[in-house]
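Please read the structure below before turning to the comments.
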Number of protein chains: 2
Amino acid sequence: MTSAERALQELRELILGGGLAPGARLGEVELAERLGVSRTPVREALSRLAAEGLVEISPNRGARVATWTVAELEGVFDLRMSLEPQLTGFAVPNASAADVAELHELAHRMVQVGSPGPRQDLDALVPLNRAFHDRLVALAGHPTLATALAAAIHPPIVRRNFSAYDAESLRRSLAHHLEIVAALRAGDARWARAVMTAHISNARAVMVRAATAGTTQDPTDEEAS
Amino acid sequence: MTSAERALQELRELILGGGLAPGARLGEVELAERLGVSRTPVREALSRLAAEGLVEISPNRGARVATWTVAELEGVFDLRMSLEPQLTGFAVPNASAADVAELHELAHRMVQVGSPGPRQDLDALVPLNRAFHDRLVALAGHPTLATALAAAIHPPIVRRNFSAYDAESLRRSLAHHLEIVAALRAGDARWARAVMTAHISNARAVMVRAATAGTTQDPTDEEAS
DNA sequence: ACCCCTACGTTTGCACACAATCTTCGAGGG
DNA sequence: CCCTCGAAGATTGTGTGCAAACGTAGGGGT
């Protein structure tokens with residue numbers, strides 16, 4: 001694996017994992033020594049991340065972690081609403097019994113882990129949720145739609161923890177997963193599309209509310225001198 | 001403007017304009033001296049073009065102009081079918097009388113230029129068509145959807161001349177533009193969406209037919225020694 | 001007291017050089 | 001005659017140095 005790829009993945013992880021706050025300055029030399037490589041692969045990584053929409057580059061002024069307004073966040077959800085139900089519908093005829101069982105397993109574990117109580121673990125929900133949606137997208141067998149969706153989803157995933165969900169919305173979200181599995185088992189593409197549309201609408205409401213409320217979060221740079 | 005940007009735009013023009021055939025090898029040194037810059041900005045341009053999907057990069061094996069199978073072409077049209085009607089619908093409430101007049105003017109000129117006869121000029125149709133669709137997308141006021149659409153449309157635009165259209169399909173396409181304007185004037189988003197869906201379905205049928213028939217086109221590299 | 005202009009430090013943009021990898025061509029053995 | 005192995009050439013990947021542009025602080029002028 002090349003150094004540029006390593007830098008790319010590491011930076012992506014850092015941004016998506018919250019290690020770098022939105023708006024934070026990304027100096028080339030700082031990142032270079034932080035990742036143990038030269039500036040060249042760092043530049044390449046930053047360029048590609050800019051193409052993905054994770055960082056913003058101003059000529060001669062360097063790169064910063066991208067920030068998103070509420071309007072842009074809503075735009076992303078519009079896009080998801082256009083694509084994910086479609087992908088889910090495509091997945092229906094391709095789902096084997098084994099696939100359905102696997103998805104059911106994932107949805108079931110999400111209910112166990114996500115239900116309120118002493119065993120609730122919202123952080124464990126994130127990889128399960130991701131696995132569920134990724135599996136579904138893979139089943140659709142539609143690389144073009146999948147790529148467009150992935151490009152759109154990446155940015156707002158930054159704060160993609162489930163802490164923003166209130167109990168009611170979370171319960172709905174978990175139920176949706178199970179219902180999607182049911183629709184797959186029934187071979188009903190229209191049903192699956194409808195549930196996915198509802199699923200994203202629910203998520204949109206939660207995220208927009210969180211973003212609107214959390215406008216007060218620190219926009220400070222990480223300029224610890 | 002930076003050298004990397006110049007290289008990016010020039011390469012894009014070269015690929016989209018047909019100056020570089022799909023599958024053609026893109027040597028860094030060759031491009032560098034062809035554009036009069038060093039390898040560094042060329043590398044950056046190639047990297048970004050790869051992110052756009054116009055070129056494909058294999059590690060240690062260089063870059064080539066991207067190629068698309070018929071299946072991928074159909075995938076792109078699936079994506080357009082998901083996004084463009086949506087964008088057209090969003091444009092409806094934002095369209096002022098002046099906007100409608102402008103779009104009507106464009107659609108009318110396309111009919112004049114595109115109708116069979118001695119004054120037919122298929123090449124002149126391309127910029128008009130592009131202006132029409134761009135105007136419509138701009139009216140939607142939805143940067144996120146617009147960006148996703150633009151990213152998807154770029155690749156297959158390579159052969160985006162209207163020579164593939166038979167008389168019947170071309171007449172339909174021109175009529176669609178006028179009908180979309182009518183829907184805008186009526187303020188009927190559902191109507192506009194439906195016509196746009198039909199418009200893209202028509203285009204899909206034409207392009208897929210052309211791609212299937214034209215599989216015999218030369219896959220030769222430009223290895224002029 | 002406020003504004004503008006200038007000089008400095010920092011950072012990015014680009015070019016060049018070296019190292020690592022892949023491809024190709026040729027020779028030897030089976 | 002074909003296959004395998006090896007070396008040379010070419011190409012990509014990465015590090016480093018230099019020049020240009022930007023941001024900022026300080027001094028002079030109005």
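Source: prediction; values computed, not measured. Computation of the quantities below employed the complete heavy-atom set of this structure, encompassing side-chain atoms and omitting hydrogens, waters and symmetry-equivalent molecules.
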Using the ring of each side chain (for Trp, its six-membered ring), is His108(A) parallel, tilted or perpendicular to His104(A), with breaks at 30° and 60°? parallel
To the side chain of Val37(A), which of dG15(D), dC22(C), dT14(D) is closest? dG15(D)
Can you tell me the distance, in whole Å, between the CD atom of Glu28(B) and the C1' atom of dC14(C)? 15 Å
For atom CD of Glu33(B) and atom C1' of dC16(C), their distance in whole Å: 15 Å
Mapping Pro59(A) and Ala4(A) onto DNA chain D by nearest heavy atom, which one lands closer to the 5' end? Ala4(A)
For Ser38(A) and dG15(D), is the shortest distance between a side-chain N/O and OP1 or OP2 below 4.0 Å? yes
Among dC22(D), dC14(C), dT12(D), the one nearest Thr40(B) by side-chain distance: dC14(C)
Check whether Glu56(B) reaches the backbone of Arg64(B) with its side chain - one donor and one acceptor, N or O, closer than 3.5 Å. no
Do we see a donor-acceptor contact under 3.5 Å between the side chains of Arg209(A) and Thr212(A)? no
Distance-only donor-acceptor test, Thr2(B) side-chain atoms vs dG13(C) base atoms, 3.5 Å: no
Asn60(A), nearest nucleotide to its side chain (from dT14(D), dT21(C), dG13(C)): dG13(C)
Please confirm whether any donor atom in the side chain of Arg39(B) sits under 3.5 Å from an acceptor in the base of dG13(D), or the reverse. yes
Could you tell me the separation between the CD1 atom of Ile57(A) and the P atom of dC14(C), rounded to a whole number of Å? 12 Å
For residues 138-149 of chain B, run the donor-acceptor check on the side chains, cut-off 3.5 Å, and write out each pair with its distance to 0.1 Å, sequence neighbours left out.
| from | atom 1 | to | atom 2 | distance (Å) |
| --- | --- | --- | --- | --- |
| His142(B) | ND1 | Leu145(B) | N | 3.3 |
| His142(B) | NE2 | Asp78(A) | OD2 | 2.7 |
| Thr147(B) | OG1 | Pro143(B) | O | 2.7 |

A quick test of your reading: do over 12 heavy atoms of other residues, nucleotides or ligands sit less than 6.0 Å from CD of Glu13(A)? no
Protein N or O to nucleotides 5-8 of chain D N or O, pairs below 3.5 Å:
none

Could you tell me the separation between the CE atom of Met1(A) and the P atom of dA20(C), rounded to a whole number of Å? 19 Å
Look at Glu52(B) together with Arg12(B) and state whether they make a salt bridge at an N to O cut-off of under 4.0 Å. yes
Determine whether the side chains of Ser201(A) and Arg204(A) contain a donor N or O and an acceptor N or O closer than 3.5 Å. no
Is the distance between the ring centroids of His133(A) and His199(A) under 6.0 Å? yes
Heavy-atom pair with the smallest gap, counting every atom of Glu102(A) and Arg135(A): OE2-NE, 3.0 Å
Of all of residues 41-49 of chain B, which get a heavy atom below 4.0 angstrom from DNA chain D, listed by number? Arg43(B)
Kindly say if Ser3(A) contacts the phosphate of dT14(D), meaning a side-chain N or O under 4.0 Å from OP1 or OP2. yes
With a cut-off of less than 4.0 Å, is there a side-chain N or O of Arg61(B) near OP1 or OP2 of dG13(D)? no
Taken to the nearest whole Å, CZ/Arg64(B) to C1'/dT12(D) is 14 Å
Return the value, rounded to whole Å, for the distance between atom CZ of Arg25(A) and atom C1' of dT24(D). 14 Å
Ionic contact status for Glu10(B) with Arg34(B), cut-off 4.0 Å: no
